[in-house]
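Data block below; observations after.
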Amino acid sequence: MKRIITLGLLALAMLCVAIAAILYWMGTRDDAPARAAAPPPEAERLVEQGRYLARLGNCMACHTTQGGQPYAGGTPIPTPFGTLYGPNITPDPQTGIGAWSADDFWRALHNGKSKDGSLLYPAFPYTEYTRMPRADADALFAYLRTVPPASQPSRPHDLAFPYDQRGLLAFWRALYFKPGVQAPDAGQSQQWNRGRYLVRGPGHCAACHAPRNRLGATVNPEALSGGLIAGLGWYAPPLGGAASTGLGNWSAADIALLLQTGMARHSTAAGPMAEVVLGSSQYLSDADALAIGTYLKSLPATPAAGAGPASMPSAALMDRGAALYTQHCAQCHQAQGQGSAGAWPALAGNPTVTAPSPANVIRMVLDGGYAPATAAYPRPHGMPPFGPVLGDTDIAALVSYVRSSWGNQAGAVTSFEVQRVRDASTLR
């Protein structure tokens, strides 16, 4: 009997080892290799294509510190698991990617592996970049070869145990990553397919506009149902077709306008999205901006991440909020929250205002801010900070009023929520 039990335990142990080995293989396997794309007749055209892709992917945001040399790395990327730092991707042969080949670079984008075969952390969005064809990867690499080299060692990541053990990424990848170039949908137009590629590939919109599970993987990224951006305290609103919380009331042209100028009828880019417009989407071609709008308009009206029944504010809270709005806000945003085109955004029907999370509105009231400076609006109007002059209770009343007026039905905000955002903002 003991022999049978021993053999059974041994068989179970061998099965567990086999399963672990299979998961490790699944998480470390490469996609089928792709040959380097044949260069176009003019090398300059390839570099310009790469420059456009680098802007589209907003590569500088993670690979350039404020005031630092472009693409020399060092930018902190906060996550729930610790802080990662964007590496040096200049052509310096010792500290950058100067010793990399086009095949090495393709392997990083497509398979999420470094030159030495080590697994890359998915803060580098290879989960989206894997959809890029080899030709685009080669163009991006050609452009990066032209930037000035910087002799600056990449800063080591600061991750808590066990997340600092790269080998464990194999199991994460087995669950959440499958490499593969995105194939066009024959049933859709060329414009729609281009928009889907830009959104789901180099634009990696799901990195912010999709919720994440406890292991940091995006949940149903195709839906773009919105979510809190880890470590930043901002909420990325849904991009689906819901009228109240998404883009249901937007046209494809409205979306394109916001991407290229930072301003549209229903909203103005703020917070992290303002940085995206400033460093990336304002450089989109008209055709690509409209393609993105066309694709996003095709997304269904899925429930927003984190959405629940709204608790409507009391009459007393609305009266207090209305008085504060008249005193501090109506001069710019107008009495009915309609805003002023090209200057101050509308608050009525604004998806940032009606989002399930009030974090963005609270942040703007507390800290103020500016729309991004773009070619269309090189000197945008700003909003002053009211955090120093209004207490948490008054800000809660003001935000509750804005979120529950002119057809908005996002619900009440408490002073505790304001305090939490204020404390988080102070820590930064």
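One is the number of the first residue; the rest follow in order along the sequence. Any value given below was found using the heavy atoms of this structure, including those in side chains, with hydrogens, waters and symmetry copies removed. All values reported here derive from a predicted model rather than from experimental measurement.
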Inset, instruction - Fit a plane to each ring of Y126 and F177, take the angle between them on a 0 to 90° scale, and name the class: parallel (under 30°), tilted (30 to 60°) or perpendicular (over 60°). - result: perpendicular
Inset, instruction - Assess the side chains of D286 and Q260: does a donor N or O sit below 3.5 Å from an acceptor N or O? - result: yes
Inset, instruction - Please check if atom OH in Y370 has more than 12 non-hydrogen atoms from other residues, nucleotides or ligands closer than 6.0 Å. - result: no
Inset, instruction - Evaluate the criterion salt bridge (Lys or Arg N to Asp or Glu O under 4.0 Å) for residue pair R196 and D185; output intermediate values, then yes/no. - result: CA-CA 10 Å; R196 180 180 66 156; D185 185 337; 5.0 Å; no
Inset, instruction - Could you walk me through whether T352 and N360 pass side chain to side chain donor-acceptor pair (under 3.5 Å), step by step? - result: CA-CA 7 Å; T352 298; N360 295 1; 4.8 Å; no
Legend entry - Donor-acceptor contact present, side-chain T146 to main-chain Y143, <3.5 Å: yes
Inset, instruction - Keeping to residues at least two apart or across chains, list the side-chain hydrogen bond (donor to acceptor under 3.5 Å, both in side chains) pairs with something in residues 316-330. - result: R320-D394
Inset, instruction - Inspect the contact between D103 and R134 and indicate whether a charged nitrogen and a carboxylate oxygen are less than 4.0 angstrom apart. - result: yes
Legend entry - Euclidean distance, F81 CZ relative to L159 CG, rounded to 0.5 Å: 9.5 Å
Inset, instruction - Measure from the side-chain N and O atoms of R403 to the backbone N and O of M312, and report whether any donor-acceptor pair falls under 3.5 Å. - result: no
Inset, instruction - Check the surroundings of atom CD in E44: do more than 12 heavy atoms from other residues, nucleotides or ligands lie under 6.0 Å from it? - result: no
Legend entry - Side-chain donor/acceptor of H204 to backbone N/O of V199, under 3.5 Å: no
Inset, instruction - Output the distance between atom CG (N111) and atom CZ (R173), rounded to the nearest 0.5 Å. - result: 7.0 Å
Legend entry - Sidechain-backbone polar pair: H333 side chain, P345 backbone, donor-acceptor under 3.5 Å: yes
Legend entry - With sequence neighbours excluded, residues passing salt bridge (Lys or Arg N to Asp or Glu O under 4.0 Å) with E48: R51
Legend entry - Rounded distance (nearest 0.5 Å) linking atom CG of L239 with atom OH of Y295: 10.0 Å
Inset, instruction - Ignoring hydrogens and angles, tell me if any N or O in the side chain of S404 forms a donor-acceptor pair with the backbone of Q409 under 3.5 Å. - result: no
Inset, instruction - Indicate whether the side chain of S405 and that of N408 have a donor and an acceptor atom separated by less than 3.5 Å. - result: no
Inset, instruction - Check for a donor-acceptor pair, side chain of Q69 on one end and backbone N or O of P148 on the other, with a separation under 3.5 Å. - result: yes
Inset, instruction - Apply side chain to side chain donor-acceptor pair (under 3.5 Å) to the pair N88 and T90, showing each step before the final yes or no. - result: CA-CA 6 Å; N88 182 344; T90 72; 2.8 Å; yes
Inset, instruction - May I ask you to check whether Y129 and F124 place their ring centres under 6.0 Å from each other? - result: yes
Inset, instruction - Can you measure from NZ (K113) to CG (L120) and round to the nearest 0.5 angstrom? - result: 10.0 Å
Inset, instruction - Return the minimal non-hydrogen interatomic distance between A274 and P372, and the atom names on each side. - result: O-CB, 3.4 Å
Inset, instruction - Step by step, work out the side chain to side chain donor-acceptor pair (under 3.5 Å) result for D116 and S118. - result: CA-CA 6 Å; D116 61 4; S118 59; 2.7 Å; yes
Inset, instruction - Scan residues 241-267 for pairs that pass ring pair (Phe, Tyr, Trp, His ring centres under 6.0 Å), counting only residues two or more places apart or in two chains. - result: W250-H266
Inset, instruction - Give, for atom OG of S114 and atom CZ of R166, the distance between the pair rounded to the nearest 0.5 Å. - result: 7.5 Å
Inset, instruction - Kindly indicate, with the supporting measurements, whether the criterion side chain to side chain donor-acceptor pair (under 3.5 Å) is fulfilled by S267 and N350. - result: CA-CA 5 Å; S267 188; N350 187 321; 3.1 Å; yes
